[in-house]
Number of protein chains: 2
Amino acid sequence: MEAAIEKLAKRGPSASHIADWIRSQIRGNRLVPGQRLVEVDIIRQTGGSRFKVREAYQRLAAEGLLEIEEYRGARVRGASMDEVRQLYRARAALEALCAADFTRKASDEEIARLGEIARQMEECVESEQPQEFGKLNAEWHTLLMRGAGNAVIEDMVRRLNTPVHHLLFGTFYRGERLREAARDHRRILDAIEARNPDGAECEMRAHVENGLSFLSELDRAVHLED
Amino acid sequence: MEAAIEKLAKRGPSASHIADWIRSQIRGNRLVPGQRLVEVDIIRQTGGSRFKVREAYQRLAAEGLLEIEEYRGARVRGASMDEVRQLYRARAALEALCAADFTRKASDEEIARLGEIARQMEECVESEQPQEFGKLNAEWHTLLMRGAGNAVIEDMVRRLNTPVHHLLFGTFYRGERLREAARDHRRILDAIEARNPDGAECEMRAHVENGLSFLSELDRAVHLED
DNA sequence: GCCGACAAGATTGTCAACAATCTCGTTGTC
DNA sequence: GACAACGAGATTGTTGACAATCTTGTCGGC
């Protein structure tokens, strides 16, 4: 939001700034699936013109984050559990590949940096700081993909994550699951440090699929409540 | 183009129709990387309004197919060889996963259909019909992903393919490479028919990476000419 | 009370005119 | 001839007004 206001001084935020703002609202759960995005509201909140807001909508629709319907405007698109499953399977395949590539080409410094962040995450588990854990987790995965040298995959995974981002905070990142994730990271790191690409690949795949299992159980629990 | 004109009778083509039209132009190599897309030209050719054309631009920019620069309009974004490499690695991981899933859940009818298309492709190799081969190849891969039941991956792979699509016809789909591809398909099918998911996964990964090797060699040859 | 027809307001779709910026050829100078 | 300043034309950016459609609330009939 700061960026949007800052730009406003000059000539108003660009379409991509508005898109970023909407994305952040979705990730922060301030815009929930199904919710309508009324153009004038977005204009009021971002300072953009109607034209730019609509351009931003088109971008986000192409990313699969919004649904646009004639004369009904844009809504936040929600992912069904089945879609979340497909999405996690894709992520598992892509990140596993990155883990293997990272193991092959990363410098000792990059590995050490990954270890450092993993250590900080373990601290967050102990001190129960899920918010901070989430930020470090994102950083950890990004660093690994960056080190694997595949910007295309990095971008795809970022997009895959956005629609489920809001599910994680408040349900995912607590207690036992945090501990599991930290343990997974440790295992991946061990394989990387041993320069064992296949091992890193398997552990990463298992890590992402563990996350999916957790979400599935959560979903089943919610349905039982009905 | 036909679709665009047909719609014109009613109320002009929608933004997504225009986007489809531009995509097809790029795939057909009638729009080449770096080429400028002047708004009025697109309007003339599609019958859309300026507003809709610009909406289409935004969508395609989000897909990574166009680059939009202030006051300079949209250009077709070209993929560097390095990006093509990243893109194929991602595709290999995703399609390998689909091959495994397909093997696990496909019905005998679906497998038979895949075999039928593979047989037709082999005929195209003998009769040297690369154009037809290309169409069947796309159908074959789509059918496999569809059968794997992962629409998210199907969509991602479609997008990954668009920027390199024009490289394939005229260079890729000829002689020896066609024969190799047909042989790869046969191997994948054998593994699927034997209900061997791991085998199908490996063969599919190898198949996609063979394609990458071919493109790499081609690229090296082009650079030697300079 | 329930339900459909209707109307007013809200919201989105479309367009055309104008402003801002870029492109490229021209001109003048050295 | 090389080069920079200039300017006309081309192209894109922005805005506001109006049309088309949806949404919501109201009213009357049953």
Side-chain angles (χ1 to χ4, degrees), chain A residues 3-22 25-26 30-77, chain B residues 3-22 25-26 30-77:
Chain A
I5 289 174
E6 165 200 321
K7 279 275 171 179
L8 183 98
K10 276 203 312 190
R11 208 154 27 95
S14 72
S16 59
H17 282 120
I18 297 174
D20 285 344
W21 182 84
I22 296 173
Q25 297 296 104
I26 293 175
R30 286 179 293 276
L31 287 174
V32 299
Q35 185 168 344
R36 252 181 98 175
L37 295 175
V38 178
E39 292 177 359
V40 288
D41 290 344
I42 308 296
I43 291 170
R44 259 198 292 274
Q45 294 184 70
T46 62
S49 68
R50 214 177 138 208
F51 189 84
K52 289 180 195 161
V53 169
R54 300 193 55 161
E55 287 197 330
Y57 282 2
Q58 292 291 332
R59 283 210 147 137
L60 295 167
E63 286 178 26
L65 234 53
L66 298 185
E67 254 172 347
I68 299 179
E69 228 176 331
E70 282 239 312
Y71 294 107
R72 292 193 178 179
R75 296 175 175 282
V76 180
R77 209 173 76 83
Chain B
I5 289 173
E6 163 201 322
K7 279 277 172 181
L8 184 97
K10 276 202 315 189
R11 209 154 26 93
S14 70
S16 59
H17 282 120
I18 297 174
D20 285 344
W21 182 84
I22 295 174
Q25 297 296 104
I26 293 175
R30 287 180 291 278
L31 286 173
V32 299
Q35 187 167 343
R36 254 181 96 176
L37 295 175
V38 178
E39 291 177 0
V40 288
D41 290 343
I42 308 296
I43 291 170
R44 260 197 292 273
Q45 294 184 70
T46 63
S49 68
R50 219 179 133 206
F51 189 84
K52 290 179 192 162
V53 169
R54 299 192 57 161
E55 287 196 332
Y57 282 2
Q58 292 291 330
R59 286 203 166 172
L60 296 166
E63 285 178 28
L65 233 54
L66 298 185
E67 255 172 346
I68 299 179
E69 229 176 330
E70 283 239 312
Y71 294 108
R72 291 193 179 180
R75 295 175 175 282
V76 179
R77 211 174 76 81

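All values derive from a computational prediction rather than experimental measurement. Residue numbers start from 1 in every chain, and the chains themselves are labelled A, B, ... in the order their sequence lines are given, proteins ahead of strands.
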- [ ] Check the distance between C:dA20's P and A:K52's NZ and give it to me in whole angstrom.
- [x] 13 Å
TODO: Could you tell me whether the phosphate oxygens of D:dT15, OP1 or OP2, come under 4.0 Å of any side-chain nitrogen or oxygen in A:S49?
DONE: yes
TODO: Please report, rounded to the nearest Å, how far the P atom of C:dG13 is from the CD1 atom of A:I68.
DONE: 8 Å
Open item on the list: For B:R30, give me all partners under salt bridge (Lys or Arg N to Asp or Glu O under 4.0 Å), at least two apart in sequence or on another chain.
Closed with: none
TODO: Apply salt bridge (Lys or Arg N to Asp or Glu O under 4.0 Å) to A:R75 and list each qualifying residue two or more places apart in sequence or on a separate chain.
DONE: none
Task: Candidate pair A:D41 and A:R44, rule side-chain contact (heavy atoms from CB on, under 4.5 Å), full reasoning - done: CA-CA 5 Å; A:D41 290 344; A:R44 259 198 292 274; 2.9 Å; yes
Task: Residue of the set A:E55, A:Q58, A:R59 for which side-chain contact (heavy atoms from CB on, under 4.5 Å) holds with B:R59 - done: A:Q58
Open item on the list: Just the rounded figure in Å: distance from P of C:dT12 to CD of A:Q58.
Closed with: 13 Å
Task: Whole-Å gap separating C1' (D:dT15) and CZ (A:F51) - done: 10 Å
Task: Over all atoms of both residues, closest heavy-atom pair of B:I68 and B:A74 - done: CG1-CB, 4.2 Å
TODO: Test side-chain contact (heavy atoms from CB on, under 4.5 Å) on A:L66 and A:I26 and set out the steps.
DONE: CA-CA 10 Å; A:L66 298 185; A:I26 293 175; 4.3 Å; yes
Distances for protein N or O near nucleotides 5-12 of chain D N or O, under 3.5 Å:
unit_1	atom_1	unit_2	atom_2	d
D:dT11	O3'	B:R36	NH2	3.2
D:dT12	OP1	B:L37	O	3.4
D:dT12	OP2	B:E39	N	3.1
D:dT12	O3'	B:Y71	N	3.4

- [ ] Write down the distance between CD1 (A:I43) and P (C:dA10), rounded to a whole number of angstrom.
- [x] 16 Å
Open item on the list: Using heavy-atom distances to pick each residue's nearest nucleotide on DNA chain D, tell me which of A:E55 and A:R75 is more 5'.
Closed with: A:E55
